[in-house]
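Keep in mind that what you see is a predicted model, and the values were worked out from it rather than measured.
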Amino acid sequence: MTAWALGVLGGMAVTGSTWAQEPAVQTSKPADAPVAAPTEPVAPAATVTSEARPATAQPPSEAKAATSVTLEEAILRAMKANPQVAQATGNVTNAEAAERSAVGAYLPNLSASASGALSSSRRIDPETGAVSSGSNDTYAAGLAASWNVFTGGQRGANRKQTQAQTGAAEAQLVAQRANAVLEVQRSFFEVLRAEGLEQVANSRIERAKQNAEAAERRLAVGSATRSDLLRAQLDHTNAREALRTAETQRESATLSLGRLIGEEGPVGARPMADEAPRPIALTPDALLVELEANAPAVLAAAATLKASEAGVSAAKATYLPTVRLSAGYDWFNQDPSFNGGSTSWSVRLGLAYPIFDGFLREERVQRARTSEMVSQAQLADTRRALRSGAAQALAQIRLSADRIGFSEQAVEVAREDLKVQQERYRLGATTILDLLTSQESLVQSEINLVSARFDYRIARAELEALAGRPL
């Protein structure tokens with residue numbers, strides 16, 4: 001009774017227009033078949049056929065991105081659109097400007113000035129007592145120069161600090177570019193992964209459709225049960241769901257890729273040739289030695305520490321006196337003319353030493369030492385993180401390479417097994433459950449192969465991002 005109810009519900013779920021779309025299915029059945037009279041078994045097969053079409057044809061809103069790029073094009077465009085790269089480039093420019101300013105501190109300062117004043121005046125003549133009016137005009141110009149003879153080592157410390165800051169900014173730029181490349185590669189590979197999963201889902205839908213047609217033919221001649229047809233329909237529904245999931249993943253990945261490369265809408269990824277896993281040129285120990293010496297993150301942290309150490313020296317230099325040499329030349333006249341007038345010049349050598357400044361020097365030294373201590377901790381942590389990240393990436397590369405080999409073998413075995421089960425089901429030597437089990441094993445093997453290939457690419461990209469160069 002329960003099986004009959006399930007059969008009725010399965011037939012009711014697919015009634016209506018689908019029968020009208022596939023009338024040939026009804027007329028193709030033998031007239032003397034024991035189950036040909038009821039119309040319920042016919043509808044599911046027509047449903048599978050009609051529903052398979054929209055599963056492979058994407059709606060307009062979900063169509064693949066019209067714009068597609070190669071991985072190299074995506075990386076080049078991302079370098080121009082990435083805000084972190086732009087910020088790092090600006091930091092390098094600012095650091096270079098600060099370094100020029102530190103060099104300019106060794107040069108004298110030169111300034112020029114000019115002024116003119118017009119004013120009226122009234123005075124009393126002492127002899128006549130008469131009041132007379134006139135003007136009192138003044139014109140002046142001057143040239144002044146000054147040079148710090150001795151600054152207690154501040155200029156040298158500031159120059160070393162700015163040089164270290166420039167090196168740190170350049171290393172940060174290299175590191176940021178490597179991170180941007182890694183981000184683009186991840187997004188690019190995710191697009192290709194989703195497209196690969198779409199192909200697997202489409203193949204699964206086609207096989208599910210064939211299974212349903214075979215189940216319907218066997219049901220028509222009485223060599224299969226209603227349960228076979230319902231299970232085939234369920235497998236077809238699951239395949240369509242997997243396709244929609246892959247399409248959603250691909251759409252999300254294309255939008256993410258478009259944002260990374262500065263595009264307003266989705267951007268597709270052009271297919272890449274399947275690349276067999278290749279070994280790293282360096283041994284793990286040699287690779288770690290190179291990373292600790294030349295990795296952009298380590299270079300940036302080391303340069304930051306160097307800048308902090310120079311900052312301590314600059315802060316300590318404020319305890320020493322400063323010697324300043326200055327000179328000036330001035331011209332003064334009451335008439336708007338360069339003829340005549342008065343001139344003067346001056347030369348001054350001064351020494352200044354702040355005996356007490358309210359503990360400001362002590363505060364600067366303490367802040368500089370704290371910054372140095374933090375930079376030391378950051379450098380040590382960066383090296384530890386680099387070793388850990390490199391070891392994890394190497395392990396993931398090895399695992400993904402092994403998984404690729406295992407998955408390729410599994411796909412071959414699963415395909416052969418499915419061929420055997422399909423032939424056995426056609427001959428009536430097995431059940432639909434065995435056929436669907438073999439088909440599910442093939443689908444899972446294909447999914448594992450797609451994932452393993454792109455997991456390998458991503459793991460290798462992560463290791464190259466740590467090194468700052470291709471490996």
What's the spacing between [X] [atom1] and [Y] [atom2] if we round to 0.5 Å?
{"X": "Asn211", "Y": "Glu206", "atom1": "CG", "atom2": "CD", "value": "10.5 Å"}
{"X": "Ser203", "Y": "Leu442", "atom1": "OG", "atom2": "CG", "value": "8.5 Å"}
{"X": "Leu230", "Y": "Ile432", "atom1": "CG", "atom2": "CD1", "value": "11.0 Å"}
{"X": "Glu372", "Y": "Ser313", "atom1": "CD", "atom2": "OG", "value": "8.5 Å"}
{"X": "Asn82", "Y": "Asn179", "atom1": "CG", "atom2": "CG", "value": "9.0 Å"}
{"X": "Gln376", "Y": "Asp381", "atom1": "CD", "atom2": "CG", "value": "13.5 Å"}

Thr166 and Glu99 side chains, donor-acceptor separation under 3.5 Å: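 Side-chain D/A pair, Glu99 to Thr166: present.
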No-hydrogen, no-angle side-chain donor-acceptor test under 3.5 Å, Asn91 and Gln172: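 No, no side-chain donor-acceptor contact under 3.5 Å.
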Evaluation steps, side chain to side chain contact (heavy atoms under 4.5 Å, CB included), between Asn158 and Gln161: CA-CA 5 Å; Asn158 288 335; Gln161 185 178 23; 4.0 Å; yes
Tell me the closest heavy-atom pair linking [X] and [Y], and the distance in Å.
{"X": "Ile458", "Y": "Glu190", "answer": "CD1-OE2, 3.7 Å"}
{"X": "His236", "Y": "Ala208", "answer": "CA-CB, 3.6 Å"}
{"X": "Leu466", "Y": "Gly389", "answer": "CD1-C, 3.6 Å"}
{"X": "Phe188", "Y": "Thr70", "answer": "CE1-C, 3.6 Å"}

For Gln199, all residues meeting side-chain hydrogen bond (donor to acceptor under 3.5 Å, both in side chains), sequence neighbours excluded: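 Gln199 satisfies side-chain hydrogen bond (donor to acceptor under 3.5 Å, both in side chains) with no other residue.
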With Tyr319 via side-chain hydrogen bond (donor to acceptor under 3.5 Å, both in side chains) - residues at least two apart: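 With neighbours one apart ignored, the set is Glu362.
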Side chain proximity check, Leu351 to Phe150, heavy atoms < 4.5 angstrom: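 Of all side-chain heavy-atom pairs linking Phe150 with Leu351, none is under 4.5 Å.
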Residues, nucleotides or ligands: over 12 heavy atoms within 6.0 Å of Arg77 CZ: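 Atom CZ in Arg77 is crowded, with more than 12 foreign heavy atoms closer than 6.0 Å.
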Heavy atoms from other residues, nucleotides or ligands near CZ of Phe359 exceed 12 (cutoff 6.0 Å):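 No, not enclosed.
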Residues Arg231, Asp235; criterion side chain to side chain contact (heavy atoms under 4.5 Å, CB included); working and verdict: CA-CA 6 Å; Arg231 286 175 177 175; Asp235 181 62; over 6 Å; no
Test log, rule salt bridge (Lys or Arg N to Asp or Glu O under 4.0 Å), inputs Glu440 and Arg204: CA-CA 9 Å; Glu440 183 64 28; Arg204 181 180 178 183; 3.3 Å; yes
Whether Thr254 side chain and Arg250 backbone form a donor-acceptor pair below 3.5 Å: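 Judged by distance alone, yes, a pair lies under 3.5 Å.
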Side chain Ser451, main chain Asn448, donor-acceptor under 3.5 Å: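 No, Ser451 side chain to Asn448 backbone: no donor-acceptor pair under 3.5 Å.
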NZ/NE/NH1/NH2 to OD/OE distance under 4.0 Å, Glu263 and Arg259: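 No.
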Presence of salt bridge, Arg384 and Glu292, under 4.0 angstrom: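 No, this pair does not count.
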Side chain to side chain donor-acceptor pair (under 3.5 Å) between Ser146 and Ser326, intermediate numbers included: CA-CA 4 Å; Ser146 62; Ser326 60; over 6 Å; no
Arg364/Arg369 under side chain to side chain contact (heavy atoms under 4.5 Å, CB included): CA gap, chis, key distance, verdict: CA-CA 9 Å; Arg364 285 193 292 268; Arg369 286 177 175 171; over 6 Å; no
Trace of the side chain to side chain contact (heavy atoms under 4.5 Å, CB included) decision for Thr318 with Gln154: CA-CA 7 Å; Thr318 57; Gln154 292 187 44; 4.0 Å; yes
